[in-house]
Amino acid sequence: VVGTLDVEEEEWLRYGASLELFEVPTHASLLPLLGRVLASVPVPAPWLLCRGSRGELFFANETTSTSTYAHPFHGSLLKLARVLPVLLRMPSGPRRSLIRGLLQAWDSEAKHDYSLWRTARSDSGQDYYYHSETLATMWEDPKEAILLSLDLKCKAVCLLDGDAYCTQLLADPHDDVRSSAVQALRSMTEPLSEAAAELLSDDCGWIRAAAADALADTGDASKSPGST
């Protein structure tokens, strides 16, 4: 089946689990969150959400006529896989500070990414877009994909703004999710300085910047690694 599919959160949860982004069962409570945000953010053109003969989800590119099991926003999912477990260990106050920093950093990242795209015209007279650094090309305006990727990340971290998400999971039908939620609620004690220290060495500069800004906002900058 190719094209627009009606995929429920539960199926997206299973797809998310198949990616093995989180340590399970420790972070099984993050799988419903992943299913929820994947269900709420459409895949960008020229990608199509498809279903294989065995019912599995995959993604087809209309322009290149290629297909893959990897989500078009796999890079954003990898960032969430590093950030969400850290947020889950923090008390609600410091967690909000880090979430605010992430939202600001990712918004800046999206604007920077879009600024690197240029327009050009093909020999046939059709406009297209090319990336000024990687020289990647596409017919579709990259703004849609960049904004949807931003929306995916923002929705995910905002679901952890407060303790309501984990509290709701105490009634989840999956045993591993309930157990993980209980453990998460018990372990939300890690200070921002310790949690952010892990992100200050992240591969992504925008995540490092968000962690540093969150520490500065709360007066914990002196506790960050490498400070004097």
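Residues L148 and V43 form no side-chain contact, since every pair of their non-hydrogen atoms from C-beta on lies 4.5 Å or further apart. Under the 4.5 Å side-chain criterion, counting only non-hydrogen atoms from C-beta, T119 is not in contact with D127. Side-chain contact check for D107 versus Q104: every heavy-atom pair is 4.5 Å or farther apart. Side-chain contact between S179 and Q183 is absent, with no heavy-atom pair separated by less than 4.5 Å. When side chains are defined from C-beta on, F73 does not count as touching L80, because their heavy atoms never get closer than 4.5 Å. Looking at L77 and L34, their side chains come closer than 4.5 Å, going by heavy atoms from C-beta outward. With contacts defined as side-chain heavy-atom distances shorter than 4.5 Å, the pair C204/R82 qualifies. Looking at heavy atoms from C-beta onward, S108 lies in side-chain contact with W206 at the 4.5 angstrom threshold.
Atom CG of L159 and atom CG of L33 lie 4.5 Å apart (nearest 0.5 Å). The structure places SG of C166 at 14.5 Å from CZ of R178, a figure rounded to the nearest 0.5 Å. Here the CG atom belonging to L84 is positioned 12.0 Å from the NZ atom belonging to K153, to the nearest 0.5 angstrom. With rounding to the nearest 0.5 angstrom, the CG atom of L135 is 11.5 Å from the CZ atom of R118. For the atom pair CG (L199) and NZ (K79), the distance works out to 13.0 Å, reported to the nearest 0.5 Å.
In this structure, the side chain of Q126 does not engage the main chain of S124 through any donor-acceptor pair within 3.5 Å. Side-chain atoms of S132 come within 3.5 Å of backbone atoms of L116 as a donor-acceptor pair (strictly under, hydrogens ignored).
F59 and W12 have parallel rings, their planes meeting at less than 30° on a 0 to 90° scale where 60° marks the start of perpendicular.
Scanning all heavy atoms of the two residues, the minimum distance from T63 to E140 falls at OG1-OE2, 3.7 Å. Smallest separation of non-hydrogen atoms from L200 and R208: O-CD, 3.1 Å. Across all their heavy atoms, R51 and D6 have their closest contact at NH2-O, 4.4 Å. Shown here for A214 and L98, the closest heavy-atom pair between the two residues is CB-CA, 3.8 Å. Nearest heavy atoms, R95 versus D163: NH2-OD1, 3.0 Å. Shown here for A184 and L88, the closest heavy-atom pair between the two residues is CB-CG, 3.8 Å.
Cluster annotation: Y114 is not connected to L147 through the hydrophobic network of ILVMFWY side chains, with a link wherever side-chain heavy atoms come within less than 4.5 Å. In the hydrophobic cluster analysis, where Ile, Leu, Val, Met, Phe, Trp and Tyr join through side-chain heavy atoms closer than 4.5 angstrom, L78 is grouped together with W106. Residues W117 and W139 are members of separate hydrophobic clusters, defined by side-chain heavy-atom contacts under 4.5 angstrom among Ile, Leu, Val, Met, Phe, Trp and Tyr. Cluster membership check: L103 shares its hydrophobic cluster with V37, using side-chain heavy-atom separations under 4.5 Å among Ile, Leu, Val, Met, Phe, Trp and Tyr.
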Extract all donor-acceptor atom pairs below 3.5 Å that involve side chains of residues 17-31 and protein atoms in other chains or at least two apart in sequence.
from	atom 1	to	atom 2	distance (Å)
S18	OG	Y15	O	2.5
S29	OG	S180	OG	3.0

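Looking at residues two or more places apart in sequence or on another chain, you find a side-chain contact (heavy atoms from CB on, under 4.5 Å) between D161 and R96, I99. Partners of T66 under the side-chain contact (heavy atoms from CB on, under 4.5 Å) rule, at least two apart in sequence or in another chain, are N61, T64.
Remark: the D172 side chain and the H174 side chain contain an N/O donor-acceptor pair separated by less than 3.5 Å.
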